[in-house]
Amino acid sequence: MITQWFFTHVDRRGAIVIALLVALACLVPLSNLLLPPTSALHVPTYLVSLIGKYLTYALLAVALDLVWGFCGILSLGHGAFFALGGYAMGMYLMRQIGPRGVYADPVLPDFMVFLNWKELPWFWHGFNHFWFAALMVVLVPGILAFGFGWLAFRSRVTGVYLSIITQALTYALLLAFFRNDMGFGGNNGLTDFKDILGFNIQADSTRSMLFAATALFLALAVFVTSFIVRSKLGKVLVGVRDAESRMRFLGYRVDRYKLFVWTVSAMMAGIAGALYVPQVGIINPSEFEPANSIEAVIWVAVGGRGTIIGPILGAVLVNFGKTYFTAAFPEIWLFALGALFILVTLFLPKGILGLYGTWETKRKDRIARKRSEPGSPATERATPIAEPQAAE
Amino acid sequence: MKAKDTLLYLDGVSVSFDGFRAINNLSLVLQAGEMRAVIGPNGAGKTTMMDIITGKTRPDTGDVYFKGEIDLTRHDEAEIALLGIGRKFQKPTVFESHTVEDNLMLALAGPRSAFSALFHRQSADEAERIDDILHTIRLHTKRDWLAANLSHGQKQWLEIGMLLAQDPKLLLVDEPVAGMTDAETAETAKLLREIAKTRSVLVVEHDMHFVRELDVKVTCLHEGSVLAEGSLDYVSNDQRVIEVYLGR
Amino acid sequence: MQLIRLLAVFLVLSGVFAPGMEAGAETVDDATLRPLIQALAAENFDETTKAVSGLAKTGDARVSAILNALTAGDLYIVKADKAVFIGKRDGSDYAATDPLTGAKLAPVPRNAAEKIKVNNRLRRDIAAAIGGLTLMSDNPAERRSAAETILKTRDPESIALLDQAIAAEKDSGIKAVMQQAKAAAVLNSTAPDDAKIAAIAEVTAGNSRDALGLLTPLQGSDGPVGDAAHSAIDSINGKLALWNGIQNIVYGLSLGSVLLLAAIGLAITFGVMGVINMAHGEMVMIGAYTTFVVQQIIRASAPGLFDYSLLIALPAAFIVSGAVGVVIERGIIRFLYGRPLETLLATWGISLVLQQAIRSWFGASNVQVGNPSWMAGSFDLGLLTLTWSRLWIIVFALSVFAVLQLVLKKTMLGLRMRAVTQNRRMASAMGIRTPWVDALTFGLGSGIAGIAGVALSQIDNVSPNLGQGYIIDSFVVVVFGGVGNLWGTLVGAMSLGIANKFLEPFAGAVLGKILVLVLIILFIQKRPRGLFALKGRAIEA
Ligand SMILES: Nc1ncnc2c1ncn2[C@@H]1O[C@H](COP(=O)(O)OP(=O)(O)OP(=O)(O)O)[C@@H](O)[C@H]1O
Ligand SMILES: [Mg+2]
């Protein structure tokens, strides 16, 4: 029953990825915690956290792909939603420090004591409860995205204009969070976390659990995204991407559809940020850098936009490359990344998976045509996957 | 003439772009169940007239009423589509990354909210309607094809099929036979006449053979207003129409 | 008695000052000075004060040195005979000199001498006295600074001296300062009301900020003086508000010019060609580095040309950035026309490569780009002080804009550019070599970015990240103004600059900037295609 329901909403590839992620969520913690460090199958803790970090990036990439790949909205500000989710989690972790801070104030985080603040600002209240923080992780990015999207989509801001104002959005937030009097720790951000849900955040077991949670949330995101894009709503989105005005003349309220995925996507990005912060141990305003958001776009482009697995692949591969290069040849990394962007846009416009996808749809299409017109040669007239022409 | 009892009623409509009057004091009335052909030279404002009816362009002045009482200038594209006005674009516009079947599925009349779309399951009824339309537009053998792979003429037909799926009261069809062979043109004329039995249709076309085959009342537009109106023979003998459009 | 004293004072003063009008300070014979110097060593401060003013009134050129020594605590008396000398510590003795003649005296043992004490009040008086003295100096700078000192101390005692000095002063600038000083002193004195009211008028005509400081204390007093002060303050405040507005506009224009410079190349590559050129900032950066290299070469080979370095750097930067632009267009961008969002990704990649290249080449830290002398310094315009660099940037940005307009509107290249960007297929059908025009257009946009880099190198740190700081602002300007419209870019840049400067005072620089961004986000909702939207079907799609 449930499996049947599951398979009507996820294709084979999605199912494999979900299975893989669930398996990772079980096996990696087991290997880290139970196997002796000498074992060849032992995954050291630093690696657990590193892969965990990649998976949060992958989650961000999936969120971005939902709006860009399937609906043609190129957001250059998704890093903002990621960072807001991260800050919400960071505020919870800050409150958990309690009197163990340097200034040993039972309530105020260190940076507030340092700034001579006497009491907690109103927006810090409630963050001592995990459930509240968890709610904020989705609500804050969600509400911001909703408000922003409501304004932008209703007045039909599209293409380049939309991309630029999303960039302005994250830039404005960057400037705002750098300010000390915003109450988010200024340019140092939030750090020195101790506990999460009562568990020591440095402990191997906690790190393994955070990893497992990330893998499971990513699996969930894959499922939700599959569910959305395989529904009629998903088809409407692709229709909007390819021919927005046609969709309107069919009677669809395009702005509401966009607003829906935009908000869902922002919430997913928020969750990604919330999982990211405890694993890297810090959140600061640099997460709002427009460059970060653009990098996320690159992950999606490299992996293949308009697919669900592509962004995951792209995020993990690019970040693996980044980790490797910045350690081995620090001065080459930017050259490599820059060249990657250029080469992918020139030679792999549909990304790594797009390459495979093109081949597969061509094959299916050919089969379909053979079936419909027996005897007639299957001529190729156009690229099977239409170019998304979102920007025009 | 009164707006009442008409299906579509345009009166004194004008619109200008940067001082250029694309539509100039245009008045046009369409009765329920009527099919009308609109002709006119390039730039006469035919497409712009459709833009106004479907809410894409707001007129500067003038009345636009649907079914005698609905002021179309107060509604946007999506609302007007839901009121029952379907439109085929001059340049065929279908969803190229969707299959033929999905194109029709998206056009099919039904709830349009995002929420219902998210949990939509295709009913047997809907499947049947799609089948019907696929047969009507003669694309039933290509239902799994990506629309991008259809020929130009097939795309035109698919778009007409999508209009049918929308189940509108009024169809606005902009140059449906552009780029079609003579045989396809004849087929299309047949199809439109068929459709016109149950709905009102407004066809814009340059192809005079096609217009003749439709055998309906003709309106000739020029520089944004009506130059002549009547049977095709009447209009095509009008001195001014010959001058600006048909040529001697 | 009174008469005699007056006469004596008159004689002394005329003796002191009459020739001094021409020749500056006068020398009074030692016999007059000695007793006064001796009186400095009086037991109480009041006596000393009197002696100080007595000395000052002699107007003798040597007096200021003595008074300076007094404030510095270098004036001593020999305990035994109360003789005054200027002492410098020298082991257990004081090396002594005669205060008047400066002749060396026999060293005085430290325990045989006593320092003449001064307190703060006395110090002030001495400062005022010295100020009064140098009013007569033949060095104009000294006279001016003396008058300015009085303007600060507002010592009523110096009114008489000022009157003399004003009568004799030939330099109108210094005279004005003296008049201000006198008015200030009058306001601080017990002069009759009408004198004070005249002084208020005088002060009001002068420097408004100083005047506010002088008049505010009077505002509370009753009677005509208080009223006059009150209305004077009102009028000054009105004037200040006006000038404040003017300052905001001028500073806003100069910020707007920076934005315009940064954005104008983008208005071509992005606005006209539709390439979302994220490497635009790097073109600016390359221009700035070209300036650096040009200056290095000039420093090494022809230091005399340094003042012309920017003029030489302009064409150089245009060529270097333009050439880089042409290479980028031919190598990468030409494959991406019609896919604007993909040009974004590719050019972002290019920007990373260029940044890293410059970093490997010149190092990651700032390089030093010098200002030629004509960029340094400032000048006054009414109540506002403008730096030359600010003015030059405005002039320069507007000239670049004008030249670009000319190129686009009046040259064959401009015509072809517009033809290609409006309808590529048609243009090529008409025999225009579109690839060539594309490359040149992109080169032009990049070259102009390079020129902007020359200007920005004068007001910003030149580092590999220079471009990153401008890229978002540039896009915001172009989008705000309306893509594809140079005038829109101009108006967009200027209005953003001015908006920023008007928001800054009450929101702070950062918050002001945030507010501007938010306003733009809201503005785009109202006009989704910017301030000066291109109209037509092609755009609407
Ligand atoms: N959005 C717009 N902005 C500017 N001008 C427009 C716009 N829409 C239409 N026009 C102008 O209005 C005039 C009428 O155009 P329209 O497309 O209605 O002509 P048409 O009768 O459909 O011609 P054709 O037979 O070539 O399709 C044309 O000159 C066109 O350039
Ligand atoms: Mg038309």
Side-chain angles (χ1 to χ4, degrees), chain A residues 68 72 74 76 148 150-176 178-179 181 244-245 289-291 294-295 297-298 301-302 331-347 349 387-392, chain C residues 270 274 276 278-279 328 331-332 335-336 338-357 359-360 364 464 468 471-473 475-476 478-480 483 508-518 520-530 538-541:
Chain A
W68 185 34
L74 175 52
L76 296 182
F148 182 89
W150 189 74
L151 287 169
F153 301 139
R154 198 187 43 138
S155 30
R156 303 195 185 167
V157 182
T158 51
V160 176
Y161 291 85
L162 189 76
S163 301
I164 299 297
I165 62 169
T166 54
Q167 192 174 39
L169 173 75
T170 190
Y171 187 53
L173 284 169
L174 169 76
L175 294 176
F178 262 122
R179 290 163 50 89
D181 32 356
E244 178 167 339
S245 54
E289 289 274 5
I294 295 180
E295 233 176 82
V297 171
I298 296 307
V302 168
E331 59 302 333
I332 289 191
W333 163 240
L334 281 183
F335 283 130
L337 188 65
L340 184 68
F341 292 4
I342 298 169
L343 295 180
V344 165
T345 37
L346 283 185
F347 301 113
E387 269 309 316
Q389 26 175 247
E392 272 82 9
Chain C
F270 170 54
I276 307 182
M278 295 304 263
I328 291 174
I332 295 164
F335 302 107
L336 299 173
R339 288 152 60 189
L341 293 183
E342 308 205 342
T343 59
L344 183 153
L345 303 184
T347 50
W348 177 255
I350 296 170
S351 88
L352 292 184
V353 170
L354 289 177
Q355 272 177 50
Q356 188 58 35
R359 201 171 285 129
S360 325
Q468 291 291 298
I471 186 73
I472 292 183
D473 284 338
F475 269 107
V476 165
V478 175
V479 165
F480 175 67
V483 170
V510 178
L511 209 56
K513 185 149 193 198
I514 296 172
L515 277 177
V516 167
L517 286 173
V518 171
I520 285 175
I521 292 175
L522 293 178
F523 170 85
I524 292 287
Q525 326 286 337
K526 276 276 146 249
R527 307 202 59 157
R529 307 211 167 266
I539 314 295
E540 282 175 15

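Model, not experiment: these values are computed from the prediction. Numbered from 1 within each chain, the chains take letters A, B, ... in sequence-line order.
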Which residues share a side-chain contact (heavy atoms from CB on, under 4.5 Å) with A:I342, sequence neighbours left out: A:L346, C:I332, C:I350
Largest heavy-atom contact set with chain C, pairs under 4.5 Å, which of A:V157, A:I165, A:I294, A:I298: A:I294
Could you pull out the closest heavy-atom pair between C:L352 and A:L337, with the gap in Å? CD1-CD2, 3.6 Å
Considering only heavy atoms, which portion of A:R156 lies under 4.5 Å from any heavy atom of chain C: side chain, backbone, both, or neither? backbone
Listed partners of A:A291 passing side-chain contact (heavy atoms from CB on, under 4.5 Å), at least two apart: C:W348
Of the listed residues (A:A301, A:A339, A:A168), which shares the most heavy-atom pairs with chain C below a 4.5 Å separation? A:A168
When every non-hydrogen atom of A:F341 is compared with those of C:L345, the smallest separation belongs to CB-O, 3.5 Å
Nearest heavy atoms of A:T345 and C:L336, plus distance in Å: O-CD2, 3.9 Å
What are the two closest heavy atoms between A:E331 and C:Q356, and how far apart are they? O-NE2, 3.2 Å
Pick one of side chain, backbone, both or neither for C:L354, based on which atoms fall under 4.5 Å of a heavy atom in chain A. neither
Could you tell me whether the side chain of C:I276 reaches within less than 4.5 Å of the side chain of A:V160, counting heavy atoms only? yes
Specify the closest pair of heavy atoms between A:Y171 and C:L517, including all atoms of both residues, with the distance to one decimal. CD2-CD1, 3.5 Å
Minimum heavy-atom separation for A:I164 and C:V479, please, with both atom names. CG1-CG2, 3.9 Å
dist C:R527:CZ -> A:Y161:OH (nearest 0.5 Å) comes out at 11.0 Å
Would you compute the distance between atom CD of A:E289 and atom CD of C:Q468 and round it to the nearest 0.5 angstrom? 8.5 Å
Tell me, for A:L173 versus chain C, whether the close heavy atoms (under 4.5 Å) come from the side chain, the backbone, both or neither. neither
Part of C:L344 lying under 4.5 Å from any heavy atom of chain A: side chain
